[in-house]
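The next block holds one structure in the form of structure tokens; read it before the comments.
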Amino acid sequence: MTLHFSSLRSLLLFGLCACLSLQVGRSAPQNSEQTPTKTPAPIVHFTDVAAKVGLTASVVFGGEKTKKYIIETTGTGVAIFDYDNDGWPDIFIVNGTKLEGFPNGKAPTSHVYHNNHDGTFTDVTEKAGLTHTGWGQGVCVGDYDNDGFEDLYVTYYGKNILYHNNGNGTFTDVSEKAGVAGNGKMWGTGCAFVDYDRDGKLDLMVANYVDYDSATALAPGERPSCMWKGVPVMCGPRGLPGAKNILYHNLGNGTFEDVTKKAKIDQTNGHYAFSVSTLDYDDDGWPDIFVACDSTASILYHNNHDGTFTDVAVISGAAFNDDGREQAGMGSTVGDYDGDGRPDIFKTNFSDDTSTLLHNNGDGTFDDKTFPAGFGLNTQYLGWGTMFLDVDNDGWPDLLLVNGHVYPEVDSQHLGSSFLEPKILYHNNGNGTFTDISASAGPAITALSSARGLAVGDLWNDGRMSAVINNMNAPPMLLVNDMRNGNHWIAFRTIGTFKSDTKDVKEIKEVKEMKEVKEMKEKANGETSAISFASNRDGIGAKITVKAGDRLLVDEVRSGSSFDSNSDIRVHFGLGSAATIEWVQVRWPSGLVEHFENLAVDSIRTLKEGSGIRSEKK
């Protein structure tokens, strides 16, 4: 989290972007003889209903007036997931602690809130068994054992926790038994469940921030790197050793193997990694992994189809911004913002810098479209969680960013920023540009906080996307859109039909065309009964394409993203005025491609692998 200054070229582009933004998103100045332009009607109106609906427990994280060490600054993530399979998304809030600790029995815990189906939530943390305390960081969701219930992985400074969902409203800590707790010396941040080898079992990617030891941590001002704008502040991450990311392979028996070295994840060194976003950026059917990194280049792990990855961030154009600078990346999100059918990447960064929009060119490369898209103006904020979401269901994904500074001293020392900052909501204009509509989007957007984690989802199954935000040393926020419009929508829950120990000869014959089957047979020493042919239960990694009118809408099922958070795993599409859809295509992680037809709009549909019209395998 270190300040970077833009080059002269960026300043020139900034000026150009300001002019373009005035033309694209705001009314031009009027002379005295002209009739004033009417203010556009609000598109959305977000209100914070957290306290009203039952999300009342504060997030505790380090000092409130000063942050002596970097461990106090990162904050925590949030997850929206349906832990009890009742069809209504619930909420999990990661919590932290303080340097001085707490008396026995008084330490803060994370919180899980059950959705009551009536617009309220109930805190069921103790009943669920999720009362662990410590320096909580991130969270990701996935059904790692394919039993039909979503499990939780929570990262910490210290040992991480894998909570197995018991299917009865309770969770069990299986971290040590599963082999994913870590050594207790790592600083876990972002994570994501991903079936990187397409064997039908969810693996686990874990990002780590810095190699930090509180016993030897330097106090503010002890080094030049512990100064910011002439004021002593907490030290880091620059000057601290980086930490390696970890990849765990799911062995299918409730345990995982650390394959970091085998998969060549460890060949990318010297990074301060935060958020993890999965995407198939080259559309080859194999999931790749993007990692936003603080004060260092971003990472893009390309899946080599053989259990290994190659970091291609530099050669693909995803490592640096358009000036060739590394940035202080925090959160990341993936979406097809321009409707060309390819997943693009958006990343939040430190203050005195822009966020970054990476456009997917479809040839394995990305272009920085930050300024042309209209993201060059809000440089005063320090961004964290961010998500693509269609707030008005017009068929074009918008962007929500949450912000908050890391130095409380910015207020007392008048350093040109504020510790508490508003959110930013960008509306997608449908032509490759965005307009900042924050001022007219409701009091929840303009409200000030030091925000960190962000997750989005359709909490009440009515097609209107909501957002849950973690705030530093304050209660969370739950942003609800009060405004309705006539646009249509559709959402999908995917269910992969994972199969193991099959002896169905006909089924085996059907999948022989897939090249990975041969490899799996060889690994299984010819024992076809041990081969798995279908997708993970969540369908994580599935590519969904919707044909509505003259549009093709594309997204993927994913775990993780934002800032160390996990959004509603159901995939939501706004449809605009389209009252019908022609078809939906799903390319499952197994390689099976199916079409689904006669699906009603304005509803949440369940798509089960094997129940559609089979097209091809890839």
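With hydrogens and angles ignored, the 3.5 Å screen pairs a side-chain donor or acceptor of R452 with a backbone N or O of T73. Remark: the backbone N or O of L479 is not paired with any side-chain donor or acceptor of D48 at under 3.5 angstrom. In terms of modelled atom types and a separation under 3.5 Å, the side chain of N485 and the main chain of D392 share a donor-acceptor contact. Within the 3.5 Å criterion, the main-chain N or O of G77 finds a donor-acceptor partner in the side chain of N470. Looking only at distances, no side-chain donor or acceptor of R605 sits under 3.5 Å from a matching main-chain atom of F492. Judged by distance alone, with hydrogens and angles left aside, the side-chain atoms of N303 form a donor-acceptor pair with the main-chain N or O of H305 at under 3.5 Å. When atom types are taken as modelled, the side chain of T268 and the backbone of D311 share no donor-acceptor pair closer than 3.5 angstrom. T76 contributes a side-chain N or O that, together with a main-chain N or O of V94, makes up a donor-acceptor pair within less than 3.5 Å. In terms of modelled atom types and a separation under 3.5 Å, the side chain of T296 and the main chain of D294 share a donor-acceptor contact.
Counted within 6.0 Å of NZ on K547, heavy atoms from surrounding residues, nucleotides or ligands total more than 12; the atom is thus considered enclosed.
Remark: the T494 side chain and the D538 side chain contain no N/O donor-acceptor pair separated by less than 3.5 Å. A donor and an acceptor atom, one from each side chain of S295 and E326, are nowhere located under 3.5 Å apart. Side-chain contact annotation: D482 with T47, donor-acceptor N/O pair under 3.5 Å present. Defined by atom type and a distance below 3.5 Å, a donor-acceptor pair is missing between the side-chain atoms of N566 and Y153. Side-chain contact of Q380 with S351: a donor-acceptor pair under 3.5 Å is absent, judged by distance alone. With hydrogens and angles left out, the side-chain atoms of Y272 and N208 include no donor and acceptor closer than 3.5 Å. Of the N and O atoms on the side chains of N378 and D436, at least one donor lies less than 3.5 Å from an acceptor on the other residue.
Of all heavy-atom pairs between S332 and S277, the closest is OG-OG, 2.9 Å. Across M387 and S567, no two heavy atoms sit closer than the pair CE-OG, 3.5 Å. Closest non-hydrogen pair, P589 versus G541, comes out as CG-C, 4.0 Å. What you find for W489 and S603 is that their closest heavy atoms are CZ3-O, 3.4 Å. Of all heavy-atom pairs between R570 and P89, the closest is NH2-CG, 3.0 Å. Listed here is the closest heavy atom pair of D282 and H302: OD2-NE2, 2.8 Å.
The distance from atom CZ of R198 to atom OG of S590, rounded to the nearest 0.5 Å, is 7.5 Å. The structure places CG of L400 at 5.0 Å from CG of L454, a figure rounded to the nearest 0.5 Å.
Counting only heavy atoms from C-beta outward, the side chains of T333 and K347 never approach each other to under 4.5 Å.
The salt bridge (Lys or Arg N to Asp or Glu O under 4.0 Å) test applied to D368 returns no partner, not counting sequence neighbours. Looking at residues two or more places apart in sequence or on another chain, you find a salt bridge (Lys or Arg N to Asp or Glu O under 4.0 Å) between R558 and D555, E556. Listed by chain and residue number, D336, D340, D344, H359 satisfy the side chain to side chain contact (heavy atoms under 4.5 Å, CB included) test with D338 (two or more places apart in sequence, or in another chain).
In this structure, the ring of F309 has its center less than 6.0 angstrom from the ring center of Y196.
Judged by the 6.0 Å distance and 45° axis criteria, R551 is positioned over the aromatic ring of W396.
Aromatic ring orientation, F388 versus F434: tilted (interplanar angle from 30° to 60°). The aromatic rings of F366 and Y281 sit tilted relative to each other, their planes meeting at an angle between 30° and 60°.
Look at R325 and D353 and you find a salt bridge, because one of the NZ, NE, NH1 or NH2 atoms lies within 4.0 Å of a carboxylate O, short of that distance. With respect to D363 and R342, no salt bridge is recorded, no charged nitrogen being found less than 4.0 Å from a carboxylate O. A salt bridge links R587 to D280: at least one charged side-chain nitrogen sits closer than 4.0 Å to a carboxylate oxygen.
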* Let me see the working for S535 and R537 under side chain to side chain donor-acceptor pair (under 3.5 Å), right down to the final yes or no. => CA-CA 6 Å; S535 304; R537 178 64 164 67; over 6 Å; no
